[in-house]
Amino acid sequence: MWYYEKKLQYPVKVRDCNPMLAKFLIEQYGGADGELAAALRYLNQRYTIPDKVVGLLNDIGTEEFAHLEMIATMVYKLTKDATAEQMKEAGLGAHYADHDKALFYHNAAGAPFTATYIQAKGDPIADLYEDIAAEEKARATYQWIINLSDDPELNDSLKFLREREVVHSQRFREAVEILKDDRDQKRVF
Ligand SMILES: [Fe+2]
């Protein structure tokens, strides 16, 4: 069960209308290493992972939805005042033709989200290594988007999200060690 709190995890401000930046940011909305993929991956893995790390997947999976909400807010704010011409110039003409300025789960290149982005192997160590890789890829993607952005206010929010990926990666690494310790102890009689 979830309770909705009507505020963003971290404030989102944008300097001006910038549909080009929105196009890049959509990578973190519906892309392979984006926030939707992260949330769905972790919450889905909870059912077959050992009890000791279920809480961690719960916490991080839930937080990823809060990040998804931040990305949605950014994309909305960056495009809400854009004209059709500006959308087209930013490479969002095809998006505009299909969705106007509604958000949609696709990556920066326009490929729609797919469940093939995520995995659930049923092996706790394999799943956690995938999660660590996902966090590192998300961190790198945030860095590439920051490099493409000249909006200092937006970059402040992106740096917060980048840091959360670092924290998540560390927590998943700790979970691997917890499960490895557990596995090793079971071998001692
Ligand atoms: Fe994350």
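Since this is a predicted model, take the numbers as computed values, not measurements.
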Between [X] and [Y] (side chain of the first, backbone of the second, donor and acceptor by atom type, cut-off under 3.5 Å), is there such a pair?
| X | Y | answer |
| --- | --- | --- |
| His168 | Glu136 | no |
| Gln45 | Gln119 | yes |
| Ser169 | Glu165 | no |

Interatomic spacing from [atom1] in [X] to [atom2] in [Y] - rounded to 0.5 Å:
| X | Y | atom1 | atom2 | result |
| --- | --- | --- | --- | --- |
| Glu135 | Arg164 | CD | CZ | 9.5 Å |
| Gln28 | Leu36 | CD | CG | 11.5 Å |
| Thr79 | Tyr96 | OG1 | OH | 11.0 Å |
| Phe172 | Leu56 | CZ | CG | 5.5 Å |

Query raised in the report: Are Val54 and Tyr42 joined in one hydrophobic group, where the rule is that I, L, V, M, F, W and Y side chains link up if heavy atoms are under 4.5 Å apart?
Result: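 Yes, one cluster joins them.
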Query raised in the report: Counting only heavy atoms not in Lys88, do more than 12 fall under 6.0 Å of its NZ?
Result: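 Atom NZ in Lys88 is not packed in, count stays at 12 or less.
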Requested in this report: Inspect the surroundings of OH in Tyr10 and state if more than 12 heavy atoms from other residues, nucleotides or ligands are less than 6.0 Å away.
Outcome: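 Result for OH/Tyr10: enclosed.
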Report task. Mind running side-chain hydrogen bond (donor to acceptor under 3.5 Å, both in side chains) on Tyr4 and Glu69 for me, showing each step along the way? Result -> CA-CA 12 Å; Tyr4 185 72; Glu69 192 177 36; 2.4 Å; yes
Requested in this report: Check the pair Glu130, Lys121 against salt bridge (Lys or Arg N to Asp or Glu O under 4.0 Å), reporting the backbone distance first and the verdict last.
Outcome: CA-CA 9 Å; Glu130 163 158 338; Lys121 194 47 73 180; over 6 Å; no
Query - Derivation of the salt bridge (Lys or Arg N to Asp or Glu O under 4.0 Å) call for Arg15 and Asp150 - result: CA-CA 9 Å; Arg15 191 180 53 188; Asp150 61 355; 3.5 Å; yes
Report task. Go through the steps to decide whether Gln143 and Asn147 satisfy the test side-chain hydrogen bond (donor to acceptor under 3.5 Å, both in side chains), and finish with yes or no. Result -> CA-CA 6 Å; Gln143 186 59 55; Asn147 295 350; 3.0 Å; yes
